[in-house]
Amino acid sequence: MLTNNGFPSMSNLGTTIDFSPTLVNRIAQAPSILFLTGAGVSAESGVATFRAADGLWSKFRPEELANVDAFLANPQMVWEWYQSRREVVLNARPNAGHYAMAAFEGVIPETTVITQNIDGLHQEAGSRDVVELHGNIRKNFCQGCGKRYDDVDFLTEQLVQQCGDCGGMIRPDVVWFGELLPQQAIARAEFLARKAHVIFSVGTSSLVWPAAGIPLIGLEAGAYIVEVNPDPTPLTNHAHESIRGTSGDVLPRLLERVVGS
Ligand code: BV8
Ligand code: ZN
């Protein structure tokens, strides 16, 4: 009998979702599972997604903001955009979807979260093995010399900050378009995708590469691919199952179903 090791029981979940027995059995018997997550997982924590109608980029385009040329051309504008996002992230709390993914660690020992999100909410929810593919908005470094400024709280600084060592501009430690992902993070993500028995793609539009390729690497290696998203994405036709729903609703119910199986 699987237990979820004392994580809050989800029994008051009301109506049920008819999960396929194949999915429940595959998870229950899996030595390792993987969650690839995107902005949709944090939407229920009040952190805007990128491509929704009211998303972050409805007013701007990625090229204008999330790339180093934009930062070098207009550092103050890019800095202010990140300051406004930092403010939202630091006031956000994990939601039921984050907590369910953390609780899966108590059911399937080898549970890893590979996230595209930069908000740190998986770690705050208790997930112990989180790979951040696109960095973390709570960390910073100098664009000029690379000096780290992780423990400095810039939240109140409205102006772009200068490096004490070289006078260069300090930037959030996130991966911008055209920049390589942290080598160790993408290598570990691809390694885990080849090993996982079940891979969940949760809350991502599956548009940004190389993150979007992670489930496909797992598919090729024989993993069971499950998408959780209110909308279809380019991954939908490749997934074994695509569950139309929100992460905060689907994942706690799935955990309940697996624990009870
Ligand atoms: C690189 C950090 C070498 C900064 C981000 C191959 C093919 C085509 C293009 C490329 C390719 N390889 C590289 C590229 C270029 C580019 C790319 O992928 N472009 C795309 C747009 C075509 N990739 C790169 O530049 C990467 N670097 O590969 O370097 C290189 C460079 C150039 C050319 C070749 C090689 C770097 C990519 C990282 C960029 N940084 N963010 C910041 O956050 O400010 S990307 C940004 O978008 C996010 O980090 C996120 O990771 C990403 C994807 O967004 P999502 O998380 O999916 O969010 P989105 O809003 O799109 O979707 C939300 C989903 O959730 C929706 O489906 C919605 O229905 C769903 N949802 C909503 N509510 C819920 C929900 N789901 C569940 N529950 C809910 N409640
Ligand atoms: Zn510097």
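Below, all heavy atoms of this structure are taken into account, side chains as well, without hydrogens, waters or symmetry copies. Here the structure is a predicted model, which means the values were calculated and not measured.
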Between Gly248 and Asn95, the two heavy atoms sitting closest are CA-OD1, 4.3 Å

Mind telling me whether Phe104 and Phe200 have parallel, tilted or perpendicular rings, with 30° and 60° as the class edges? tilted

Looking only at side-chain N and O atoms, does Thr37 offer a donor or acceptor that is under 3.5 Å from a partner on Thr115? yes

Any chance you could measure Ser20, atom OG, to His240, atom NE2, to the nearest 0.5 Å? 11.0 Å

Nearest 0.5 angstrom please: Gln116 CD to His134 NE2, how far? 5.0 Å

Between Asn117 and Gly38 (side chain of the first, backbone of the second, donor and acceptor by atom type, cut-off under 3.5 Å), is there such a pair? yes

Within the structure provided, determine whether Arg85 and Ile137 are in side-chain contact (heavy-atom separation under 4.5 Å). yes

Hey, is Asp129 close enough to Arg188 for a salt bridge, meaning N to O under 4.0 Å? yes

Can you list the other members of the hydrophobic cluster that holds Leu34, where links are side-chain heavy atoms under 4.5 angstrom apart? Leu36, Ile114, Val131, Leu133, Val175, Leu181, Ile186, Phe191, Leu192, Ile199, Trp209, Ile214, Leu216, Leu219, Ile225, Leu235

Check Cys163 against Cys145 and note the closest heavy-atom contact, atom names and distance. SG-SG, 3.7 Å

Sub-4.5 Å side-chain heavy-atom contact between Pro232 and Ser242: no

Less than 4.5 Å apart, side chain to side chain, heavy atoms only: is that true for Glu105 and Thr112? no

So, Glu227 versus Ser201: side-chain donor-acceptor pair below 3.5 Å or not? no

For Ala196 and Ala223, work out which heavy atoms get closest and say how close. O-CB, 3.4 Å

Using a 4.5 Å cut-off on heavy atoms from C-beta on, say whether the side chain of His197 contacts that of Pro31. yes

Can you list the steps and then say if Arg138 with Glu132 is a salt bridge (charged side-chain N to carboxylate O under 4.0 Å, His left out)? CA-CA 12 Å; Arg138 302 164 192 245; Glu132 292 179 317; over 6 Å; no

Please name all residues satisfying side chain to side chain donor-acceptor pair (under 3.5 Å) with Arg86, sequence neighbours left out, ordered by chain then number. Gln83, Asn140

Nearest heavy-atom contact between Val107 and Pro109 is O-CD, 3.6 Å

I would like to know whether Val226 and Tyr224 meet side-chain contact (heavy atoms from CB on, under 4.5 Å); could you show each step before the answer? CA-CA 7 Å; Val226 188; Tyr224 195 73; 3.8 Å; yes

Listed by chain and number, what are the side chain to side chain donor-acceptor pair (under 3.5 Å) partners of Ser247, not counting sequence neighbours? Glu44

Test side-chain contact (heavy atoms from CB on, under 4.5 Å) applied to His122 and Val41, step by step: CA-CA 9 Å; His122 283 297; Val41 166; 4.1 Å; yes

Determine yes or no for a side-chain-to-main-chain donor-acceptor pair under 3.5 angstrom, with Arg244 supplying the side chain and Asn229 the backbone. yes

Interatomic distance, CG@Leu251 vs OH@Tyr99, rounded to 0.5 Å, equals 14.5 Å

Has the side chain of Ser127 got a donor or acceptor atom that lies under 3.5 Å from a matching backbone atom of Val130? no

Please lay out, stage by stage, how Glu110 and Lys195 fare under the test salt bridge (charged side-chain N to carboxylate O under 4.0 Å, His left out). CA-CA 10 Å; Glu110 269 193 58; Lys195 239 178 89 197; 2.7 Å; yes

Contact between Ser32 and Thr111 at the side-chain level, heavy atoms closer than 4.5 Å - yes or no? no

Ile217-Phe35 co-clustered via ILVMFWY side chain contacts under 4.5 Å: no

Indicate yes or no for a side-chain donor-acceptor contact from Asn136 to the backbone of Asp173 under 3.5 Å, with no hydrogens or angles considered. no

Let me check something: do Val174 and Met169 share a hydrophobic cluster, defined by ILVMFWY side-chain heavy atoms less than 4.5 Å apart, either directly or through other members? yes

Take Ser45 and His98 through the test side-chain contact (heavy atoms from CB on, under 4.5 Å) and record every step on the way to the result. CA-CA 10 Å; Ser45 295; His98 293 107; 3.7 Å; yes

If only atom types and distance count, is the side chain of Ser42 paired as donor or acceptor with the main-chain N or O of Val47 below 3.5 Å? no

Who passes side chain to side chain contact (heavy atoms under 4.5 Å, CB included) against Gln76, sequence neighbours left out? Asn74, Trp79, Glu80, Leu159, Val160

Hydrophobic clustering (ILVMFWY, side-chain heavy atoms < 4.5 Å, transitive) - are Val152 and Ile118 grouped together? yes

When you look at Val208 and Phe50, which way does the side-chain contact (heavy atoms from CB on, under 4.5 Å) test go after all the steps? CA-CA 11 Å; Val208 172; Phe50 290 85; over 6 Å; no

Phe19 versus Val250: any side-chain heavy-atom pair under 4.5 Å? yes

Any heavy-atom pair between the side chains of Lys139 and Pro172 that's under 4.5 Å? no

How far apart are the closest heavy atoms of Ala102 and Gly126, and which atoms are they? CB-C, 3.8 Å

Does Asn67 reach the side chain of Glu179, with side-chain heavy atoms less than 4.5 Å apart? no

Mark yes or no for whether Ser84, through its side chain, and Trp81, through its backbone, hold a donor-acceptor pair below 3.5 Å. yes

Tell me whether Ile17 shares a hydrophobic cluster with Leu254, the cluster being built from Ile, Leu, Val, Met, Phe, Trp, Tyr side chains joined at under 4.5 Å. yes

How would you list, by chain and number, every residue that makes a side chain to side chain donor-acceptor pair (under 3.5 Å) with Glu87, sequence neighbours excluded? none

Go through the side-chain N and O atoms of Gln161 and Tyr149 and say whether any donor and acceptor fall under 3.5 Å apart. no

To check you understand the geometry: which heavy-atom pair defines the closest contact between Leu121 and Ala92, and what is its length? CD2-O, 3.8 Å

Are Phe141 and Phe154 connected in a single hydrophobic cluster, I mean Ile/Leu/Val/Met/Phe/Trp/Tyr linked by side-chain heavy atoms less than 4.5 Å apart? no

Which residues pass the side chain to side chain contact (heavy atoms under 4.5 Å, CB included) test with Ala43, sequence neighbours left out? Thr49

